[in-house]
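Only one structure is covered here, and it is reproduced in the block below.
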Amino acid sequence: MTKDTGLQKTAEIIYDYAENKTTYQTDKIVTIPSSAYLDQDIWEAEVSKIFKELPLALATTAELREPHSYKAMDAAGLPVLMTRGKDGVVRAFLNVCSHRAAAVAENGCGIKKRFACKYHGWTYSADGRLMGVAEGNTFGHVDKSTLGLRELPCEEKGGLIFVILTPGKEINLDNFLDGMLDDLENANFKDWAYLGQRELTGANWKIAFDGYLEGYHFAQLHPETIHPRTLSNLTHYESFGPHMRIGFAQTDIKEKLDAAPKEKWGEMENTGYDFVRILFPNVSVFLAPEITQVAQLFPGETPDKNRTVLTFFRPDPPKDDEDKAALEGMMDFLHDVVRDEDYATGDQIQKGLESGAHKSIILGKNERGNQFFHECLAYYMNDRKGPMPTI
């Protein structure tokens, strides 16, 4: 799928796992206390230290491709507005009018040169400036230059738009991403077409996200959906700062890779093997030419809930109505798999943890991605003391 970005060695490792019926293993089993998924104070600290301090991939270039395009959404309990100005630059703001704190844009995507608060009609430009006070002659004089939308740190890279939800924070994507998006840039993901979006809810955000980080469950939980394509309990992990590229072998990996010169294996993503790219703390990207899924997971209103947004892309837009209908069917299928298999099980896990049956969960040597994710959570929750975890 992607151009060769030095992935030949990774493809060889995944091939060898399939040949030898093994998987990536670390040197230990670890436990995670059940309270990590239940405790109100832990949940609040995660929202504060993780979701409000780190760059979050909130949107894609495809959603805000044109000048004056915008996307408004809720993220970790905050209303966010992202805009692309006539200068081509993407900016982010709290979606909050400076008059009486109503939203200036409804959630969703579109094209607007001006944003008008529906409460009293104050208007703002795409770069956040307050342009007009409705019936200003009766309202009284205000200094419009001081009453623009509150800007958030924002940067665009690799076809993704990152925002920090706290005004004034420094954003340094190159340092944070540590090369994670190089292969997305080589795949020109920024030029891909936006297809649609689905939303769903589930258990605690970490219960849900744990399911994106391993393939140990494929045979048992997805016998008719994922497992026919992808071998179960065969996973390779690579880390880039707190992020991961997770490799999975397709059931026909030997046939597909044996048919090509070994020096070409690094260019054969989606042909014999697949990757899921994990952007810490809450995004999973499955890149495939048929359809790409970007999953964003956010804490819900209480510790036992999450809100997940699934957004879909393809290298080219739908060719005709028949093609569009087929793509809608694929989006529905992927949404239903997550809802009916992964998240339904996540709801059961939530109840199981709340029962008090066990004081902890267990992460095996073959679940290194889950171990690493929780290590990175601890690193940021502990104010980045000590070395950054690595795979």
Side-chain angles (χ1 to χ4, degrees), residues 30-58 72-81 92-96 101 103 107 150-154 162-171 176 199-213 241-243 278-284 295-309 343 346-361 363 370-386 388-389:
V30 303
T31 58
I32 304 295
S34 298
S35 60
Y37 302 94
L38 304 173
D39 186 86
Q40 178 80 20
D41 291 339
I42 292 175
W43 174 79
E44 290 178 358
E46 289 168 351
V47 173
S48 176
K49 291 192 171 188
I50 303 295
F51 282 88
K52 293 187 178 178
E53 292 193 2
L54 297 180
L56 304 178
L58 293 188
M73 64 180 294
D74 293 324
L78 293 176
V80 178
L81 172 64
F93 309 93
L94 290 171
N95 184 15
V96 179
N107 283 354
R150 191 74 185 277
E151 190 160 5
L152 297 170
C154 178
F162 292 83
V163 178
I164 298 179
L165 296 179
T166 300
K169 284 279 185 182
E170 180 182 355
I171 186 167
F176 180 64
E199 283 201 26
L200 62 160
T201 59
N204 175 276
W205 75 276
K206 290 176 295 185
I207 289 176
F209 207 52
D210 275 337
Y212 290 82
L213 306 179
H243 319 287
I278 300 296
L279 301 175
F280 187 85
N282 69 323
V283 169
S284 166
Q296 302 164 292
L297 283 75
F298 297 99
E301 295 181 354
T302 54
D304 61 336
K305 301 294 182 187
N306 88 81
R307 180 175 69 92
T308 296
V309 181
Y343 280 31
D347 288 338
Q348 294 176 354
I349 293 170
Q350 187 76 49
K351 291 178 181 178
L353 292 171
E354 291 170 354
S355 76
H358 306 289
K359 297 300 182 185
S360 61
I361 65 163
L363 298 176
N370 302 77
Q371 295 182 12
F372 176 72
F373 168 69
H374 287 274
E375 290 167 7
C376 290
L377 275 174
Y379 170 77
Y380 285 106
M381 294 285 280
N382 197 34
D383 299 320
R384 313 185 195 198
K385 295 175 182 175
M388 166 69 73

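Applying the ring-ring contact (aromatic ring centres under 6.0 Å, His included) test to Phe162 and every residue at least two apart in sequence or in another chain returns nothing.
With contacts defined as side-chain heavy-atom distances shorter than 4.5 Å, the pair Leu377/Lys206 qualifies. Residues Thr166 and Pro153 have side chains not in contact (no heavy-atom distance under 4.5 Å, counting atoms from C-beta outward). Counting heavy atoms from C-beta outward, Leu353 and Asn204 have side chains that stay 4.5 Å or more apart.
Formation of a donor-acceptor pair under 3.5 Å by the Asn282 side chain with backbone atoms of Leu297 is found in this model. No side-chain donor-acceptor contact under 3.5 Å links Asn370 to the backbone of Leu363. Although no hydrogens or angles enter the test, the distance criterion places no donor-acceptor pair under 3.5 Å between the side chain of Gln40 and the main chain of Pro303. Formation of a donor-acceptor pair under 3.5 Å by the Gln296 side chain with backbone atoms of Leu58 is found in this model. A donor-acceptor contact shorter than 3.5 Å links the side chain of Ser355 to the backbone of Gly352. Using a distance-only test at 3.5 Å, with no hydrogens or angles considered, no donor-acceptor pair links the side chain of Asn95 to the main chain of Ala103. Of the possible polar contacts, none joining the Glu199 side chain to the Arg307 backbone as a donor-acceptor pair under 3.5 Å is found. Distance alone, capped at 3.5 Å, is enough to place a donor-acceptor pair between the Ser34 side chain and the His358 backbone. Formation of a donor-acceptor pair under 3.5 Å by the Asp383 side chain with backbone atoms of Lys385 is not found in this model. With hydrogens and angles ignored, the 3.5 Å screen pairs no side-chain donor or acceptor of Lys52 with any backbone N or O of Leu165.
Residue Leu213 holds its CG atom at 11.5 Å from CD of Gln371, rounded to the nearest 0.5 Å. Taking OG1 of Thr308 as the reference point, atom CH2 of Trp205 lies at 11.0 Å (rounded to 0.5 Å).
Of the options Ile171, Leu152, Leu78, a side-chain contact (heavy atoms from CB on, under 4.5 Å) to Val163 is made by Leu152 and by none of the others. The side-chain contact (heavy atoms from CB on, under 4.5 Å) test with Tyr380 is passed by exactly one of Met388, Lys49, Glu53, Glu46: Met388.
Crowding of Glu301 atom CD: a count of heavy atoms from other residues, nucleotides or ligands under 6.0 Å not exceeding 12.
The two residues Leu279 and Ala57 come nearest to each other via the heavy atoms CD1-CB, 4.2 Å.
Using a 30° and 60° split on the angle between ring planes, Phe51 and Phe298 fall in the tilted class, from 30° to 60°.
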